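Written out below as structure tokens is the structure these notes cover.
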Amino acid sequence: MTRLAIFLMALAAPSFADQNIGGKVIDCYCTDTSGARVELGESICLQVGGRMFTAQCQMSLNVPMWRETSDGCMSSQLQISEPVANASLIDSEV
């Protein structure tokens with residue numbers, strides 16, 4: 001009977017792992033430089049110490065943290081290049 005009680009308590013422990021004493025689930029999230037909430041798994045562009053990089057909000061030892069995923073940041077801006085200086089060299093028949 002003692003073994004059964006210990007077994008049932010061991011099964012119940014993980015169900016209380018993400019709750020505080022009041023029974024509310026604790027939300028885990030990161031914040032960006034302006035203080036806005038960023039959900040776990042989301043990636044954003046961060047600028048830290050004059051350097052820009054893409055980072056993802058992840059958990060590490062039960063603490064939300066930013067993990068760098070790539071150098072630089074993707075941009076959706078269209079960059080307009082300068083026109084070709086000597087357009088006569090372009091074959092218009094192609």
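What you see is a predicted model; the values in this text were computed from it and never measured. Numbers here are sequence positions counted from 1.
- Here D71 contributes atom CG and R51 contributes atom CZ; the two are 6.0 Å apart, rounded to the nearest 0.5 Å.
- Atoms OG1 and CD1, from T69 and I44 in turn, are 10.5 Å apart once rounded to the nearest 0.5 Å.
- Rounded to the nearest 0.5 angstrom, R37 CZ and Y29 OH are separated by 5.5 Å.
- Taken from SG in C30 to CZ in R67, the straight-line distance is 11.0 Å, to the nearest 0.5 Å.
- Checked by atom type and distance alone, the side chain of W66 pairs as donor or acceptor with a backbone atom of T31 at under 3.5 Å.
- You'll find the side chain of M59 reaches within 4.5 Å of the side chain of C28, heavy atoms only.
- Nearest heavy atoms, S70 versus F53: O-CB, 3.4 Å.
- Within the model, atoms SG of C57 and CD of E42 stand 8.0 Å from one another, a figure rounded to the nearest 0.5 Å.
- Using a distance-only test at 3.5 Å, with no hydrogens or angles considered, a donor-acceptor pair links the side chain of T54 to the main chain of G72.
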